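Worksheet for the structure shown next.
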Amino acid sequence: MGKKSVALLIVVIMCCTFIFTACNKDKYVDPSTGGEFVLVTDEDGNNVLSEDGELVVYATDEDGQKIKDDEGNFVTEIHGFVGQIENNGIVEDYAYYFTLPSGWKPINDRGEFENKSKDYKLTISIEEETFNDYLKKSKYVYENFDSSIKDGAENVSSEIYWDEYEYDNIDTKAYALSFKTGEFSTVLMFFSSNDNLYVLRLEHDGETDFETLKSEMLKVFDGLQFKPYAYFEDLTDAPVKETETEKAK
């Protein structure tokens, strides 16, 4: 095969790949059922969401063709947001958008990520708990931490740190509880956004220092954009719960 033919073949392959990608970026596969849906997008290519933050998809027939109504308009319907959608380095979850920092990629569609080059693991979740409850329990852990406890092993020291950060895009401060036992380190960052308790857990099993780990956590936070929906009912004004120790006083 001549050089021109090879070059032409490469161009054709590239064009076909681009077309395939473009045609499939608006497709959504529900990971719980395997069903495929065609997403409704706006003029900027962003997914259209319902008032409750669910995906809006086109109604299709048995052959996968979009259905039109009597006036010739495509019929749409709401589909529960399950899993995640990744496009051009941005992961869309039901509760947030996450622009992946360098080296990061999703492990699955349940809010778990990894940076293999740095041996980091990250979990992003919304907890069905009030922010005040979580804050109080975390402070109790920090204030009652005993560094002399050796975690069942000799010469395995433990450390714990508390940090607070101010941000304009969330409802509260962002609090970070960092702790280390031996070589296993964790930074737990939590905050409230739109009455949701977000908890970010960054873990590393190996030699590192807390400043490096916390710096990575701040990069993660900077890559997050939160959706304006509340996901659990009756949690906004829930009273702060007492710990068992406080009840006994």
Side-chain angles (χ1 to χ4, degrees), residues 8-116 120-128 193-201 220-221 223-233:
L8 179 60
L9 179 60
I10 292 173
V11 171
V12 170
I13 292 173
M14 290 177 64
C15 289
C16 290
T17 302
F18 174 78
I19 292 170
F20 180 82
T21 304
C23 290
N24 282 273
K25 72 177 184 178
D26 295 337
K27 295 290 180 66
Y28 168 71
V29 177
D30 186 328
S32 63
T33 64
E36 187 175 274
F37 300 87
V38 182
L39 296 169
V40 178
T41 57
D42 61 21
E43 58 186 10
D44 297 320
N46 300 314
N47 296 332
V48 175
L49 304 177
S50 71
E51 292 182 356
D52 297 322
E54 303 288 7
L55 293 169
V56 179
V57 301
Y58 289 106
T60 56
D61 58 23
E62 295 180 354
D63 297 323
Q65 300 299 311
K66 292 187 287 188
I67 299 172
K68 292 184 178 181
D69 60 21
D70 294 338
E71 297 179 357
N73 300 312
F74 288 117
V75 178
T76 62
E77 54 192 22
I78 295 174
H79 182 75
F81 202 127
V82 182
Q84 296 176 334
I85 300 172
E86 183 180 358
N87 187 26
N88 294 327
I90 300 176
V91 173
E92 181 179 357
D93 187 87
Y94 75 98
Y96 56 82
Y97 300 94
F98 183 27
T99 301
L100 295 168
S102 177
W104 284 95
K105 68 176 184 178
I107 298 176
N108 50 41
D109 56 17
R110 298 185 299 276
E112 298 180 4
F113 306 85
E114 67 179 0
N115 185 326
K116 283 190 174 181
Y120 291 157
K121 290 187 178 179
L122 170 72
T123 302
I124 303 174
S125 62
I126 291 181
E127 301 296 327
E128 193 171 3
S193 176
N194 298 299
D195 296 326
N196 301 304
L197 169 61
Y198 284 84
V199 178
L200 283 54
R201 180 188 294 270
V220 167
F221 181 89
L224 288 168
Q225 178 185 346
F226 309 104
K227 293 184 177 179
Y229 310 100
Y231 296 100
F232 294 110
E233 297 180 356

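Treat the numbers as computed from the prediction; the structure is a model and nothing was measured.
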Do [X] and [Y] touch side chain to side chain, with heavy atoms closer than 4.5 Å?
X	Y	result
Ser125	Leu200	no
Tyr229	Leu49	yes
Phe98	Ile90	no
Ile126	Phe232	yes

**Candidate pair Ile124 and Tyr96, rule side chain to side chain contact (heavy atoms under 4.5 Å, CB included), full reasoning** = CA-CA 10 Å; Ile124 303 174; Tyr96 56 82; 3.5 Å; yes

Reported [atom1]-to-[atom2] distance for the pair [X] and [Y], which is rounded to 0.5 angstrom:
X	Y	atom1	atom2	answer
Thr76	Ile67	OG1	CD1	11.5 Å
Gln225	Ser193	CD	OG	10.0 Å
Ser102	Asn115	OG	CG	7.5 Å
Glu127	Leu197	CD	CG	6.0 Å
Ile107	Glu114	CD1	CD	4.5 Å

**Charged tip of Lys227 within 45° of Tyr97 ring normal and under 6.0 Å** = yes

Flag, side chain of [X] to backbone of [Y], donor-acceptor distance under 3.5 Å:
X	Y	value
Asn73	Lys68	no
Asp63	Gln65	no
Asn194	Asn196	no
Asp69	Gly72	yes
Asp42	Asp44	yes
Tyr231	Tyr94	yes

**Over all atoms of both residues, closest heavy-atom pair of Pro106 and Leu100** = CD-CD1, 4.0 Å

**Message:** Quick check: closest heavy atoms across Leu39 and Tyr58, and the distance to 0.1 Å?
**Reply:** O-CE1, 3.6 Å

**Message:** Could you check whether Glu92 and Asn47, counting side-chain N and O atoms only, form a donor-acceptor pair closer than 3.5 Å?
**Reply:** yes

**Item:** No-hydrogen, no-angle side-chain donor-acceptor test under 3.5 Å, Asn108 and Glu112
**Value:** yes

**Asked** Is there a side chain to side chain contact (heavy atoms under 4.5 Å, CB included) between Val220 and Leu122 once you walk through the steps?
**Response** CA-CA 9 Å; Val220 167; Leu122 170 72; 3.6 Å; yes

**Asked** Parallel, tilted or perpendicular: which describes the rings of Tyr120 and Trp104, with under 30° parallel and over 60° perpendicular?
**Response** parallel

**Asked** So with a 6.0 Å cut-off around NZ of Lys105, is the heavy-atom count from everything else above 12?
**Response** no

